[in-house]
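Step one of this worksheet: look at the structure below.
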Protein chains: 2
Amino acid sequence: MSDSQGNTTEASTALVGSKMRQAVPPRRQGGARRVSMREVAQQASVSVATVSMVLNDNPRISKATQIKVRRIIDKLGYRPNRLAQSLSSQYTRVLAVLLPPLRHAFSDPYFGELLSGICDRADRLGHKVMLESAKPDFLRERKLLELFERRFVDGMFCLGVNDRHPFVKDFAAAGFPMVCVNNYFPDLNLDYVVADYRSGAEQVMNVLLQLGHKKIALINGAPEAQTARDVFEVFTARMNDAGLETDAGWTADGRFIEEGGAAATDEIIDRHPDVTAIFAGNDKMALGAMHRLVELGRSVPGDVSVVGFDDIQQMAFVNPSLTTVHLPLYEVGARACELLVQRVRGKTDKISERLATHLVLRDSTSIVSGRS
Amino acid sequence: MSDSQGNTTEASTALVGSKMRQAVPPRRQGGARRVSMREVAQQASVSVATVSMVLNDNPRISKATQIKVRRIIDKLGYRPNRLAQSLSSQYTRVLAVLLPPLRHAFSDPYFGELLSGICDRADRLGHKVMLESAKPDFLRERKLLELFERRFVDGMFCLGVNDRHPFVKDFAAAGFPMVCVNNYFPDLNLDYVVADYRSGAEQVMNVLLQLGHKKIALINGAPEAQTARDVFEVFTARMNDAGLETDAGWTADGRFIEEGGAAATDEIIDRHPDVTAIFAGNDKMALGAMHRLVELGRSVPGDVSVVGFDDIQQMAFVNPSLTTVHLPLYEVGARACELLVQRVRGKTDKISERLATHLVLRDSTSIVSGRS
DNA sequence: ACGGTCTGGTAAACTGTTTAAGCAGTTAAC
DNA sequence: GTTAACTGCTTAAACAGTTTACCAGACCGT
């Protein structure tokens, strides 16, 4: 029951608190005595309201008072207490980032880029960023909602969510400011910012077809993500347009990881030994595919062209360097942040943005070999 | 001047705030009306103090009152406002993580592991984690101190700091709870938790010497990190103990990155073509070294043994798999978190812990080849 | 001299908690 | 027989800001 305080630790917080206060009568924490607005007001011979208005650049304050108060502020080294500010203003200026509970979510370049974009932009917009891991119990116990209800944050980013996360739906209903980053739910009325997977996939298909490929396989990632389905749909549509085969044998699931890419390659080669091009739903799977192809004695791109998706850092340096679709992940994060801040500030129009992607042509693709 | 509000954005916050309030008279944010302690108290016919004590499991509250109040709390769906709690209790229960301003700090497995450890443990201890990037201006403008002065956080973790970061010194003087994670400053009185680099290096030297190597080179990382110097010192000491050469030609700087490892390998091979073992200060450099050695026509471990440091995920899967020192980075982060929380709660003894490391023997090392 | 409108400021109410101090009755210790 | 320490609860003062309503004086026209 005590967890309505979010307090699952040993001693009663209340006791700990009082003990510390007694020990240090004139409330100090880090050596520096804390100065409050009242003291500034006293020294400047004005009211606290005036000090507050000075800090907020309220036009009703005269130049003279401005300067007088600012001088005292500097002299005393006063800093407004943001807890009090937030309590009063109802804005915390903190945003939460919900990350999937993968053990290595932080070391993943995909999330890393999104996170960098979010953090940089948040900083520039005067907001702080808080990390949350979407652990099962975290979702069950509606701790997510608590984040808002208890006024921890003004808004939230959801990274790495997909159809298997029912909480998103509940959450959407609660109506707190939230934006899905780089995924979306066509039938939920949720704000989102995504990279344009469809256009990226179109470009991949264009280049492969133009290079003369006709035996093209798709290694796709988790089908529970709408973006992955988008890629699949484009693949199928373009293949059909070109009058090419696309039965189930031509696609395989690589679970978005390197080993999955290798395994999927095995499947494909098994079913279609004459494949000349593999389109992987992300770079890691593409890498796995390349490695496996080489192991199987096929040269890349000589025998088989490989195209990735994401354009993560390392892929420019592997051998052969990987042709891939660049996703502006940093920008997706940054833009999501911008829009979320606007929404927090009261903007009500739905957020749904698609950022352009582009093909990066490198060495893992070539014109289809004579032999096919 | 308005930046004493930390507010560098367009419109005056004050105005934005008031506008929103007018628009939405009975203060609502996400659909759910917000319930305060007063309302709970009223409905339960007790004072707010009683409600507060119920929430804090104060033993002076009778069972009956407990139940009565809790029922109302559940009925109204009341959640304590943590801004008010923090304002009153002086504890925010938020910790900041200071990361180096590397563009890809988040995608780095090194920081990723530390961060995971910190976040998981913080969550379990009922604390939130806030991200901060140590950008130059962030440090210059003492925004770091503001984090504490303005009561954003109770404590801070410093990741990736080294001797070239003078702010650490100033910061230490201010006396706010802070702990250096996986680095330390012998002559500064700073709290720290590190992996035991010395013992790790000892183990590496032991195994290399036992395998009969006598021509051992060290590719070290940034010498501005004490941990890197520790490795260097152990290397030198053990080589001297064994009566082996360790002049400057036997060490090279690889700047902790893969390309640096490759370049350092060139230098070493150039000066000592008869080298039989390379000890790299981290796995990335070791990987760079392995690649370069193969490019130069030397087999690993046939001609040259390579040992890394860190034990990052991928290195178990490269070929040959890398012998390396496992750093318990996740645990370092978690332990640092535990100790920081204790310190925030008033514990005053200096924090300085060294977590055990161990060698992971894999395929990149072998007994020295007959030829040398 | 008198009402009207600015101007620059203040006092007080408000945000939602925690906690010290107190209250009146009971019980135990000295 | 007085002091002291419980009991379960309340009152009121913090905590540190924002914001609204009001006010005194200057200025202006009539």
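Quick note on labels: first sequence line is chain A, next is B, and so on, each numbered from 1.
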Scan nucleotides 5-9 of chain D against the protein and return all N/O pairs shorter than 3.5 Å with their distances rounded to 0.1 Å.
from	atom 1	to	atom 2	distance (Å)
D:dG8	N7	B:R60	NH2	3.0
D:dG8	O6	B:R60	NH2	2.9
D:dC9	OP1	B:S62	OG	3.1
D:dC9	OP1	B:T65	OG1	2.1
D:dC9	OP2	B:S62	N	2.8
D:dC9	OP2	B:S62	OG	3.2
D:dC9	OP2	B:T65	OG1	3.0
D:dC9	N4	B:R60	NH2	2.3

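- Under the side-chain contact (heavy atoms from CB on, under 4.5 Å) criterion, B:R38 pairs with B:S36, B:V48, not counting sequence neighbours.
- Per the geometry, CD belonging to A:Q42 stands 13 Å off P belonging to D:dA16, to the nearest Å.
- As rounded to whole Å, 11 Å separates atom P of C:dG8 from atom CG of A:N58.
- If you measure from atom CG of A:L83 to atom P of C:dT18, you get 13 Å, rounded to the nearest angstrom.
- Atom-to-atom, CG of B:L87 to C1' of D:dT18 comes out at 13 Å; the value is rounded to the nearest Å.
- For B:K75, the salt bridge (Lys or Arg N to Asp or Glu O under 4.0 Å) criterion is met by no residue, not counting sequence neighbours.
- Ring-plane geometry between A:F171 and A:F176 is classed as tilted, the angle between the planes lying from 30 to 60 degrees on a 0 to 90 degree scale.
- Atom CD of A:E39 is separated from atom P of D:dA16 by 9 Å (rounded to the nearest Å).
- Atom CZ of B:R151 is separated from atom P of D:dA14 by 19 Å (rounded to the nearest Å).
- Between the P atom of C:dT15 and the OH atom of A:Y91 lies a distance of 16 Å, rounded to the nearest Å.
- For C:dT15, the OP1/OP2 oxygens have no side-chain nitrogen or oxygen of B:N81 closer than 4.0 Å.
- In this structure, B:R82 reaches neither bases nor backbone, as no heavy-atom distance under 4.0 Å exists between it and the strands shown.
- Residues passing the side-chain contact (heavy atoms from CB on, under 4.5 Å) test with A:Q42, sequence neighbours excluded: none.
- Rounded to an integer number of Å, the gap from A:R38 CZ to D:dA14 P is 10 Å.
- Applying the salt bridge (Lys or Arg N to Asp or Glu O under 4.0 Å) criterion to B:K135, with sequence neighbours excluded, gives A:D120, A:D123.
- Proximity of A:S52 to the phosphate of D:dT18: a side-chain N or O atom is located under 4.0 Å from OP1 or OP2.
- One finds a side-chain N or O of A:Q85 lying less than 4.0 angstrom from the OP1 or OP2 phosphate oxygen of D:dT18.
- A:Y78 has a side-chain polar atom (N or O) that falls below the 4.0 Å cut-off from OP1 or OP2 of D:dG17.
- For A:R335, the salt bridge (Lys or Arg N to Asp or Glu O under 4.0 Å) criterion is met by A:E338, A:E353, not counting sequence neighbours.
- The local environment of NZ in B:K350 is crowded, with over 12 non-hydrogen atoms from other residues, nucleotides or ligands closer than 6.0 Å.
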